Number of protein chains: 2
Amino acid sequence: MKPTILHVAERAQVSKATVSRVLNRNPQVKEEIKERVLQAIEELGYHPSAIARNLATSRTNMIGLILPDITNPYFPVLARGIEDAAHRLGYALFISNTDNDPKLEREYIHKMVEQQVGGIVLISSILDEETVNDLNSLRTPIVLCDRVIANTSFDAVLIDDYKAAYEAVNCLIGQGHTRIAHLAGPKDIQSADNRKNGYLDAMREANLEPFISVGEFSYESGLHQMGSVIDEYHPTALFASNDLLALGAMQEIHRRGMSVPEDVAIIGCDDIPFSRMSRPLLSTISIPAYQIGVTAVQLLDDQMKGVSSGAKNVIMEHKLIHRETCGGVDQK
Amino acid sequence: MKPTILHVAERAQVSKATVSRVLNRNPQVKEEIKERVLQAIEELGYHPSAIARNLATSRTNMIGLILPDITNPYFPVLARGIEDAAHRLGYALFISNTDNDPKLEREYIHKMVEQQVGGIVLISSILDEETVNDLNSLRTPIVLCDRVIANTSFDAVLIDDYKAAYEAVNCLIGQGHTRIAHLAGPKDIQSADNRKNGYLDAMREANLEPFISVGEFSYESGLHQMGSVIDEYHPTALFASNDLLALGAMQEIHRRGMSVPEDVAIIGCDDIPFSRMSRPLLSTISIPAYQIGVTAVQLLDDQMKGVSSGAKNVIMEHKLIHRETCGGVDQK
DNA sequence: CTGAAAGCGCTAACAA
DNA sequence: TTGTTAGCGCTTTCAG
C-alpha cells in the first residue's frame, strides 16, 4: 500500500494541511516542522498523488500529442520540440499515433479529454467534418500543426506549403528544366494539396506541361511511382512532396542506371535527417519542425492560461536548401 | 464548467450511481433508463473524468515510456510497438526523452510515479547506482528494454548483443577480411559494450588485430571517426555498433573516393529504416524493435495484473541481414 | 434494478 | 503558524 499524505502527517505529528503546505513550498511553515515533514516523506518513500491533487484543484499538468505516425521521420523532431517545451512548462505528455485514421483520431481525442488533459496538440491532415464538430464541442484547448481549418477558431502553426513548392519548382525552372514531374502526397492531406497547387501554378506560369503522380508519403511509394513517371513523362527534374518520396524516387532512378542530378534533378520537402545522409545529398525545403513543436506548445500554454488573444495562425519560415540533388547552385 | 456525473444524473432523473453503471457497461440497468442516461450524456457533451475515476478506484490506465531520444531512428519503431500495445490494452501512454542523462531519468521516473502511472517501460542504458536504488524503492512495476541490471528483479526484454556482434564479425572474417575495424558506441551504454566484446572475441579467436574507435551513436560520429580509422588502420571491413555510425562511416569512405563494399565492407546494427534506403543498401543486424516494444508492454501488463512469475528476461532474436555493403553473399 | 452514502488523496478556505 | 473541514468527480458497498 502506497503511503498517503495522512501517513506522512501522522509520522511527522502534524496535520495533512501542513504536509500539503510543505509539498507546495508554502513559505509560512516553521523550518523545524518542515524538516520533520521532509524526513517523514523521505522515510516513507512518499510520492504525492498527482491524481488526487488534480481532482482537488480541478486542473492537471498533462497535455496530449496526437500525430499520424512517429515512425515517419518527419515527426520525431517535431515531437521532440513538443516534448521539450512541454516539460519546460511543467507538463507531462501523452502521445498517440493515428495513422491518419479519422476514427482513431476522434477516439484518441476523447480518451485524452477523459484523462483530463489541459490541452491537445493535434497533428492531423485529414480532419473531416465529424471530427471538426467533435473538436468544437470540446472544452479543451487545441493547437493544430501543419493545417488550418476554415471557420474554426483553433490556433495553428504552419508553413506556407504553397509558396515553398512554388519556389522549389521555380528553382528547377530557373535551371532550364522544362520537364519537371511532381510526386504528390495523398490528396486528402492538406499540405500535400497545397504543395501540388504550388507546383501547378509555377508550371502554368512558365507554360510548362505538368505531370503529377499521386501516392503515399512513403519511400516505397516514391520507388514505385517513379518508375511509371520516367516511362510516361521522361522528366529531367522532379519535385517530390516530401523527402521520403524523393528518396524513393532517387533509388529508382539509380536502379535504372541514370544519375542524380545529371539525368534527373530532385528537390524534396521536409529536410528529414536522412536527407543529410543520402548520396547524393538531397536538396529539399527545410521545415523548422522542432520550432513548430515548441511554438505549438507555447500557443497551447497561452490558451490554457487564458492569455490567448483569439485564434492565431503562426506561419513559420521554410527555406530551400541547395544540396546536391538539384544541380545548379552548389552551396552546400 | 464541464458537466459532471451529477449533471447527467439530474438531467436523466436518476442517481449518480446509475449513471456510473451505464458508464461502466453494467448490464443490470433497465434498457429504458440506460437510453435516458445515454441521451443526457450526449446532450451535455459529457466526458467522464478519468482522474476522479482513478482516485476512486485507486488505479489508473496510464503507463509511461522513458527513452533516450525519439529523434534517434532506432527508437520510433520501438516506441510505436509500445504505443500500439499500450492502446490495445487500454492504456494511455506518457512519453519522456532523457538524452541519456541519469538525473533527468530519475526526475522523469518520479514525475511519472506521481502521475500515478501503473507501470513504466524504461529504455535506459546508463542506469547508475543511484537510479537503481531509486527504482528499487518504487512500488511501480518497471520493464527494461535493451538492458539488464545485475542484482535487481526488473523484467527486461533484450537481444543478445554480444552474439550478434560476434556473428557479424565472423561473417566478415569468413569473407577473407583480416583488417576489420570496429566503431564502438559510448562505453557506458551496455549494448555498445556487449557488441564491442563480441567484436573483440571474434577477432581474438581468429588471431586478428582489432582496432576500435569509440564515439557516439550518431551519424556525425561515424563520419568523423572513420577518417582516422582509415588513416591509422587501413581497414578492409568495418563493424559499426549501430547503423547511424555505419552510415556516417560509409559517407566518409565515399568522400575519399573509395567504394563500399569493394574497398571497405560494412556491417551495421539495428536495421533502422534508413539502412534500407542508403546506397549501397546497408547490411546490418536486424533487431525486432517493434516486437521488443510490444513484448515490454505485455510484461508490464502482467506485472501490473500480478500475473508475473518472477523477474523475466526475454531475449529476442536478432538476424544478420545481407544487403549490399558486406559483399560476399548477395541475397538481398 | 436503483438509490444513498462513504471514501479515494489532496487542496483550500476558514478558524484557531 | 498550524489544524479543521468541506469538497473535487467518481466508484462501490449496502439497502431498498
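Just so we're clear, the structure is a prediction, and the values are computed from it rather than from any experiment. Just so it is clear, the values below take in all heavy atoms, side chains as well, and ignore hydrogens, waters and symmetry mates. Chain A is the first sequence line, chain B the second, and so forth, proteins listed ahead of strands; every chain is numbered from 1.
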Looking at residues at least two apart in the chain, or sitting in another chain, which of them share a side-chain contact (heavy atoms from CB on, under 4.5 Å) with Asp101(A)? Lys103(A), Leu104(A)
Sorted by chain and number, sequence neighbours left out, side-chain contact (heavy atoms from CB on, under 4.5 Å) with Pro288(A) holds for Ile159(A), Gln291(A), Ile292(A), Met316(A)
Quick one: salt bridge (charged side-chain N to carboxylate O under 4.0 Å, His left out) pairs with a partner in residues 133-142 of chain B, sequence neighbours left out? none
For residues 54-64 of chain B, pull every pair meeting salt bridge (charged side-chain N to carboxylate O under 4.0 Å, His left out), keeping only residues two or more places apart or in separate chains. none
Give one of base, sugar-phosphate or nothing for Val19(A), where a contact means two heavy atoms less than 4.0 Å apart. nothing
Val29(A) near the nucleic acid: base, sugar-phosphate alone, or nothing, with a heavy-atom cut-off under 4.0 Å? sugar-phosphate
Tell me whether Glu107(A) at atom CD has more than 12 heavy atoms from other residues, nucleotides or ligands lying less than 6.0 Å away. yes
Inspect the surroundings of NZ in Lys312(B) and state if more than 12 heavy atoms from other residues, nucleotides or ligands are less than 6.0 Å away. yes
Check side chain to side chain donor-acceptor pair (under 3.5 Å) between Gln39(A) and all other residues, then give those that pass, not counting sequence neighbours. Glu43(A)
Can you list the residues that meet the side chain to side chain donor-acceptor pair (under 3.5 Å) rule with Ser58(B), with sequence neighbours excluded? none
Quick one: side chains of residues 73-84 of chain B, donor-acceptor pairs under 3.5 Å with protein atoms, not counting sequence neighbours, listed by atom name and distance.
{"residue": "Tyr74(B)", "atom": "OH", "partner": "Asp146(B)", "partner atom": "OD2", "Å": "3.3"}
{"residue": "Arg80(B)", "atom": "NE", "partner": "Asp69(A)", "partner atom": "OD1", "Å": "3.0"}
{"residue": "Arg80(B)", "atom": "NH1", "partner": "Asp84(B)", "partner atom": "OD1", "Å": "2.7"}
{"residue": "Arg80(B)", "atom": "NH1", "partner": "Asp84(B)", "partner atom": "OD2", "Å": "3.2"}
{"residue": "Arg80(B)", "atom": "NH2", "partner": "Asp99(A)", "partner atom": "OD1", "Å": "2.4"}
{"residue": "Arg80(B)", "atom": "NH2", "partner": "Asp99(A)", "partner atom": "OD2", "Å": "2.8"}
{"residue": "Glu83(B)", "atom": "OE1", "partner": "His87(B)", "partner atom": "NE2", "Å": "3.0"}
{"residue": "Glu83(B)", "atom": "OE2", "partner": "Asn97(A)", "partner atom": "N", "Å": "2.6"}
{"residue": "Asp84(B)", "atom": "OD2", "partner": "Tyr290(B)", "partner atom": "OH", "Å": "2.5"}

Contacts under 3.5 Å, N or O only, protein and nucleotides 6-9 of chain D:
{"residue": "dC8(D)", "atom": "O2", "partner": "Leu55(A)", "partner atom": "O", "Å": "3.3"}
{"residue": "dC8(D)", "atom": "O2", "partner": "Ala56(A)", "partner atom": "N", "Å": "3.1"}
{"residue": "dG9(D)", "atom": "N2", "partner": "Ala52(B)", "partner atom": "O", "Å": "3.2"}

What nitrogen or oxygen pairs link the protein and nucleotides 13-16 of chain C at under 3.5 Å?
none

Five pairs per end, C1' atoms only: what is the angle between the end axes of the helix from dC1(C)-dG16(D) to dA16(C)-dT1(D), to 10 degrees? 40°
Distance check: side-chain N/O of Ser20(B) vs OP1/OP2 of dT11(D), anything under 4.0 Å? yes
Tell me whether the side-chain N/O atoms of Thr18(A) come closer than 4.0 Å to OP1 or OP2 in dG3(D). yes
Of the nucleotides dG3(C), dT2(D), dT11(D), which has the atom closest to the Asn24(B) side chain? dT11(D)
If I take atom [atom1] in residue [X] and atom [atom2] in nucleotide [N], what distance separates them, rounded to the nearest angstrom?
{"X": "Ile33(B)", "N": "dG3(C)", "atom1": "CD1", "atom2": "P", "value": "6 Å"}
{"X": "Gln116(B)", "N": "dC10(D)", "atom1": "CD", "atom2": "P", "value": "18 Å"}
{"X": "Asn26(B)", "N": "dT13(D)", "atom1": "CG", "atom2": "P", "value": "12 Å"}

Can you sort out the partners of Asp301(A) under salt bridge (charged side-chain N to carboxylate O under 4.0 Å, His left out), two or more places apart, ordered by chain and number? Lys305(A)
Donor-acceptor contacts, no H, no angles, side chain residues 47-55 of chain A, under 3.5 Å, sequence neighbours left out:
{"residue": "Ser49(A)", "atom": "OG", "partner": "Ile51(A)", "partner atom": "N", "Å": "3.4"}
{"residue": "Ser49(A)", "atom": "OG", "partner": "Ala52(A)", "partner atom": "N", "Å": "3.1"}
{"residue": "Asn54(A)", "atom": "ND2", "partner": "Ala50(A)", "partner atom": "O", "Å": "3.1"}

